[in-house]
Amino acid sequence: INTGKSPGAIGPYNQGIVAGGFLFTSGQLPINPKTGEVPEGIEKQTAQVLDNLKAIIEEAGSSLDNVVKCTVYIRNMDDFNVMNDIYATYFKNVAPARACVEVSKMAKNALVEIDAIAIV
């Protein structure tokens with residue numbers, strides 16, 4: 001699965017793969033697919049990441065309501081509550097299972113990256 005509504009892969013991978021009735025997305029960085037820029041701050045970065053994931057999931061013919069698992073990679077766990085508040089606005093109907101881990105560094109010096117598994 002690949003869409004121009006989410007940033008293109010910056011390596012040898014796809015934005016998502018459908019297997020066994022599930023969509024497995026690659027981790028999404030907060031890159032604006034139109035400008036290639038990374039917004040400032042955890043709020044805007046979290047929203048951009050989730051917009052990117054949503055575009056991939058919809059390209060596969062599914063929706064955020066069908067996401068069953070997310071993994072959140074966050075550079076500073078002190079940003080967890082802010083990230084969580086933005087995340088909650090995207091998963092209003094059904095909250096998927098989730099893991100959240102703090103990492104020391106991400107590509108593009110991002111503050112957050114999220115991947116997802118969804119039913120298709």
Side-chain angles (χ1 to χ4, degrees):
I1 303 295
N2 289 290
T3 176
K5 295 178 183 176
S6 189
I10 56 175
Y13 60 89
N14 287 293
Q15 293 171 335
I17 296 286
V18 175
F22 291 96
L23 168 67
F24 298 84
T25 72
S26 294
Q28 292 300 298
L29 292 169
I31 300 170
N32 181 310
K34 293 179 183 174
T35 66
E37 300 295 318
V38 174
E40 293 291 323
I42 191 66
E43 300 96 340
K44 289 180 182 177
Q45 287 195 21
T46 301
Q48 185 64 64
V49 165
L50 290 163
D51 287 342
N52 294 345
L53 276 175
K54 182 177 183 228
I56 295 166
I57 292 164
E58 289 177 350
E59 182 71 17
S62 193
S63 72
L64 291 177
D65 287 341
N66 291 324
V67 172
V68 295
K69 174 77 165 65
C70 287
T71 304
V72 177
Y73 306 91
I74 193 166
R75 243 193 32 224
N76 185 340
M77 201 54 84
D78 291 340
D79 290 334
F80 178 84
N81 289 335
V82 174
M83 176 281 299
N84 203 46
D85 289 344
I86 303 298
Y87 180 97
T89 67
Y90 284 79
F91 295 102
K92 295 176 185 174
N93 298 324
V94 179
R98 185 179 78 188
C100 182
V101 294
E102 184 179 71
V103 297
S104 63
K105 192 170 184 179
M106 284 184 264
K108 301 278 188 181
N109 210 24
L111 302 175
V112 63
E113 179 176 345
I114 303 173
D115 63 45
I117 301 169
I119 298 167
V120 292

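- When hydrophobic side chains of Ile, Leu, Val, Met, Phe, Trp and Tyr are connected at separations under 4.5 Å, Phe24 ends up clustered with Phe22, Val68, Ile117, Ile119.
- A heavy-atom distance below 4.5 Å is not found between the side chains of Lys69 and Pro96.
- Evaluation of the ring pair (Phe, Tyr, Trp, His ring centres under 6.0 Å) rule for Phe80 yields no partner, not counting sequence neighbours.
- Contacts of Asp65 classified as side chain to side chain donor-acceptor pair (under 3.5 Å), with partners at least two apart in sequence or in another chain: Asn93.
- Between the OG1 atom of Thr46 and the CD1 atom of Ile86 there is a distance of 6.5 Å, given to the nearest 0.5 Å.
- Under the salt bridge (charged side-chain N to carboxylate O under 4.0 Å, His left out) criterion, Glu58 pairs with Lys54, sequence neighbours left out.
- Atoms OG1 and CG, on Thr25 and Asn52 in that order, are 10.5 Å from each other to the nearest 0.5 Å.
- Under the side chain to side chain donor-acceptor pair (under 3.5 Å) criterion, Ser62 pairs with Asn66, not counting sequence neighbours.
- A search for side chain to side chain donor-acceptor pair (under 3.5 Å) contacts involving Tyr87 returns nothing, not counting sequence neighbours.
- A 4.5 Å side-chain heavy-atom check between Leu23 and Ile1 finds at least one atom pair inside the cut-off.
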Would you mind writing out the side-chain donor-acceptor pairs for residues 100-107 within the sub-3.5 Å range, not counting sequence neighbours?
{"from": "Glu102", "atom 1": "OE2", "to": "Met77", "atom 2": "N", "distance (Å)": "2.7"}

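- Take Thr35 and apply the side chain to side chain contact (heavy atoms under 4.5 Å, CB included) test, not counting sequence neighbours, and it matches Asn32, Glu37.
- Checked against ring pair (Phe, Tyr, Trp, His ring centres under 6.0 Å), Tyr90 has no partners two or more places apart in sequence or in another chain.
- Listed by chain and residue number, nothing satisfies the side chain to side chain donor-acceptor pair (under 3.5 Å) test with Asp78 (two or more places apart in sequence, or in another chain).
- Proximity of Asn109 to Val38: side-chain heavy atoms (C-beta onward) are nowhere separated by under 4.5 Å.
- Grouping Ile, Leu, Val, Met, Phe, Trp and Tyr by side-chain contacts under 4.5 Å, direct or through others, leaves Ile17 on its own.
- Within the structure, every pair that satisfies the side chain to side chain donor-acceptor pair (under 3.5 Å) test and touches residues 2-18, not counting sequence neighbours, is listed here: Asn2-Asn14, Ser6-Gln28.
- Side-chain contact between Asn76 and Leu111: absent, with no pair of heavy atoms (C-beta onward) separated by less than 4.5 Å.
- For the atom pair CD1 of Ile31 and CD of Gln45, the computed distance is 10.0 Å after rounding to the nearest 0.5 Å.
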